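Have a look at the structure below before the remarks.
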Number of protein chains: 2
Amino acid sequence: MEDLINKYKGRGFKLTPQRIEILRFLEGNTSHPTAEDIYREIKKKYGTVSFATVYNTLQALKERGELLEVTIDPERKHFDPNSTPHHHIICGSCGKIEDVFEDYSGALKLPEKVLEKFTATGNHIDFFGICADCKN
Amino acid sequence: MEDLINKYKGRGFKLTPQRIEILRFLEGNTSHPTAEDIYREIKKKYGTVSFATVYNTLQALKERGELLEVTIDPERKHFDPNSTPHHHIICGSCGKIEDVFEDYSGALKLPEKVLEKFTATGNHIDFFGICADCKN
DNA sequence: ATTGTATAATGGAATTATTCCAAGATGAGA
DNA sequence: TCTCATCTTGGAATAATTCCATTATACAAT
């Protein structure tokens with residue numbers, strides 16, 4: 001927590017109580033929450049927090065490269081505070097998203113045909129599956 | 001076109017003029033259109049077509065496995081009538097999406113740790129890049 | 001060809017996710 | 001402590017998508 005506060009000190013990122021709560025919720029969180037998940041969580045402590053605050057904060061963190069938007073779920077955006085490169089797997093039944101830490105970069109060479117038209121900057125793999133809980 | 005009509009004959013898929021127009025627009029289309037792109041196109045010929053019709057038809061095609069939803073763009077869904085397995089690359093500047101036909105399946109083994117929790121059913125790679133048009 | 005019926009099309013309202021905005025509040029540097 | 005750039009808030013606005021009641025129609029059976 002102290003670490004969190006120090007991390008943002010003097011960097012043009014105003015540390016408000018709501019933001020601190022959002023940062024604490026996100027720190028080390030691997031559940032890939034949606035904006036609503038975050039909103040509901042912060043509301044427990046700050047009953048008047050607004051979605052605007054949540055979205056503003058998420059936006060600020062994204063701009064700092066400290067938060068990634070996960071687009072694996074077609075219905076809504078999820079957020080991931082782990083900004084080190086990794087991939088995701090989503091359960092087709094319950095929608096649970098988990099991290100896949102494995103480096104496939106060596107294998108993901110683009111075909112010549114594509115390289116003629118695009119300069120590659122990165123990639124992300126969506127894995128699909130069924131989780132143990134849903135296999136009942 | 002005759003092919004298209006025969007393809008759907010007697011399969012519980014009612015071929016209305018609007019649907020035929022949507023099918024014709026999608027057939028062989030590699031532009032990854034959004035629902036609105038499709039709506040605007042069909043509207044040229046059928047001025048009263050509604051978004052409901054477009055979404056209903058896309059839904060029916062998805063259920064038949066003849067259309068895929070592409071979730072690479074965080075802002076909206078794109079649709080891809082090519083249901084053979086392939087990946088995508090999106091231009092970070094203009095948003096253009098193109099196909100990547102390359103089989104990486106042999107390389108995409110999931111770590112044991114993940115396999116203990118999920119039965120894998122598939123995967124899709126999002127490549128990010130900048131297209132030639134945008135490199136100016 | 002005619003008809004019956006299940007299915008589709010339509011317009012508009014409803015829903016959901018997200019962004020915008022104006023007004024008041026506040027963190028943090030001077 | 002004071003100042004002000006930045007943040008928070010509630011509500012309105014936007015955008016994507018879905019829902020619904022009504023009318024229309026494709027097509028299978030006659």
Side-chain angles (χ1 to χ4, degrees), chain A residues 1-2 4-23 25 32-64 67-79 95, chain B residues 2 4-25 32-64 67-79 95:
Chain A
M1 177 60 197
E2 271 311 310
L4 260 187
I5 291 183
N6 289 327
K7 184 171 176 189
Y8 290 95
K9 271 256 174 83
R11 299 226 267 128
F13 183 89
K14 208 149 130 182
L15 273 174
T16 66
Q18 295 86 342
R19 285 184 162 193
I20 290 171
E21 202 58 23
I22 293 174
L23 290 170
F25 176 62
H32 308 88
T34 62
E36 193 180 356
D37 293 334
I38 297 165
Y39 172 75
R40 275 208 304 270
E41 185 64 23
I42 308 314
K43 207 175 175 68
K44 289 180 187 168
K45 187 155 178 183
Y46 298 100
T48 63
V49 73
S50 68
F51 265 106
T53 295
V54 172
Y55 280 109
N56 282 343
T57 304
L58 295 176
Q59 179 60 33
L61 293 173
K62 275 193 286 178
E63 281 167 6
R64 293 166 165 263
L67 182 72
L68 297 176
E69 228 173 77
V70 179
T71 62
I72 197 173
D73 173 0
E75 302 322 315
R76 67 202 103 250
K77 293 176 184 167
H78 291 252
F79 296 90
Chain B
E2 272 311 309
L4 259 188
I5 291 182
N6 290 327
K7 185 171 175 191
Y8 290 95
K9 270 256 174 83
R11 299 225 268 130
F13 184 88
K14 209 148 128 183
L15 273 173
T16 65
Q18 294 87 341
R19 286 183 162 195
I20 289 170
E21 202 57 23
I22 292 174
L23 290 170
R24 291 173 67 178
F25 176 63
H32 307 87
T34 62
E36 192 180 357
D37 293 334
I38 297 166
Y39 172 76
R40 274 207 306 268
E41 185 65 24
I42 308 314
K43 207 175 174 68
K44 287 180 188 168
K45 188 155 176 183
Y46 297 100
T48 63
V49 73
S50 68
F51 265 106
T53 295
V54 172
Y55 280 109
N56 283 342
T57 303
L58 295 175
Q59 179 60 33
L61 293 172
K62 275 193 285 177
E63 282 169 5
R64 294 166 165 264
L67 182 72
L68 298 175
E69 230 172 75
V70 179
T71 61
I72 197 172
D73 173 0
E75 302 320 314
R76 67 202 102 251
K77 292 176 184 168
H78 291 253
F79 296 90

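What you see is a predicted model; the values in this text were computed from it and never measured. Within every chain, numbering begins at 1; the chains are lettered A, B, ... in the order of the sequence lines, protein sequences first and strands thereafter.
Among the protein residues, A:P74 comes within range of no part of the nucleic acid, since none of its heavy atoms lies under 4.0 Å from any strand.
Near DNA chain D, meaning a heavy atom under 4.0 Å from it, residues 38-58 of chain B has B:A52, B:Y55 in order of number.
Proximity of B:T16 to the phosphate of C:dA9: a side-chain N or O atom is located under 4.0 Å from OP1 or OP2.
Regarding A:D37, its CG atom lies at a distance of 11 Å from the P atom of C:dT18, rounded to whole Å. Counting to the nearest Å, the P atom of C:dT19 and the CD atom of A:E63 are 12 Å from each other. Nucleotide D:dA16 holds its C1' atom 11 Å from the CD atom of B:E75, rounded to whole Å. Put simply, CD on B:Q18 is 10 Å from C1' on D:dA24, counting in whole angstrom units. Atom P of nucleotide D:dT18 and atom CZ of A:R76 are separated by 11 Å, given to the nearest angstrom. Look at CD1 on B:I20: it is 13 Å from P on C:dA8, rounded to the nearest Å. Between the P atom of C:dA9 and the CD atom of B:Q59 lies a distance of 14 Å, rounded to the nearest Å. Atom NE2 in B:H78 sits about 16 Å away from atom P in D:dA15, given to the nearest Å.
We find the CD1-OH distance between B:I22 and B:Y39 to be 11.5 Å, quoted to the nearest 0.5 Å. Interatomic distance, CG of A:L61 versus CZ of A:R64, reported as 8.0 Å (0.5 Å rounding). Of the inter-residue distances, the one linking A:I42 atom CD1 with A:E21 atom CD reads 5.0 Å to the nearest 0.5 angstrom.
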From CA spacing to verdict: side-chain contact (heavy atoms from CB on, under 4.5 Å), B:T57, B:T16:
CA-CA 10 Å; B:T57 303; B:T16 65; over 6 Å; no

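Shown here are the side-chain hydrogen bond (donor to acceptor under 3.5 Å, both in side chains) partners of B:E36, two or more places apart in sequence or in another chain: B:R40. Residues passing the ring pair (Phe, Tyr, Trp, His ring centres under 6.0 Å) test with B:F79: none are found, sequence neighbours excluded. Judged as a salt bridge (charged side-chain N to carboxylate O under 4.0 Å, His left out), and not counting sequence neighbours, A:K43 has no contacts.
Ring orientation note: the planes of B:Y8 and B:F13 are tilted relative to one another, at an angle of 30° to 60°.
Listed candidates were C:dA28, D:dT18, C:dT10. Nearest to the side chain of A:L15 is C:dA28.
A:H78 pairs in a side-chain hydrogen bond (donor to acceptor under 3.5 Å, both in side chains) with only one of the listed residues (A:T34, A:D37, A:D73), which is A:D73.
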Find every protein N or O atom lying less than 3.5 Å from an N or O atom of nucleotides 4-6 of chain D, and list the pairs.
from  : atom 1 : to    : atom 2 : distance (Å)
D:dT6 : O2     : A:K14 : NZ     : 2.6

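Nearest heavy atoms, B:I72 versus A:T71: O-OG1, 4.3 Å.
B:R19 places a side-chain N or O within 3.5 Å of a backbone atom of B:K14 that can act as its donor or acceptor partner.
Axis angle between the ends of the helix from C:dA1-D:dT30 to C:dA30-D:dT1, five pairs each and rounded to 10 degrees, works out to 30°.
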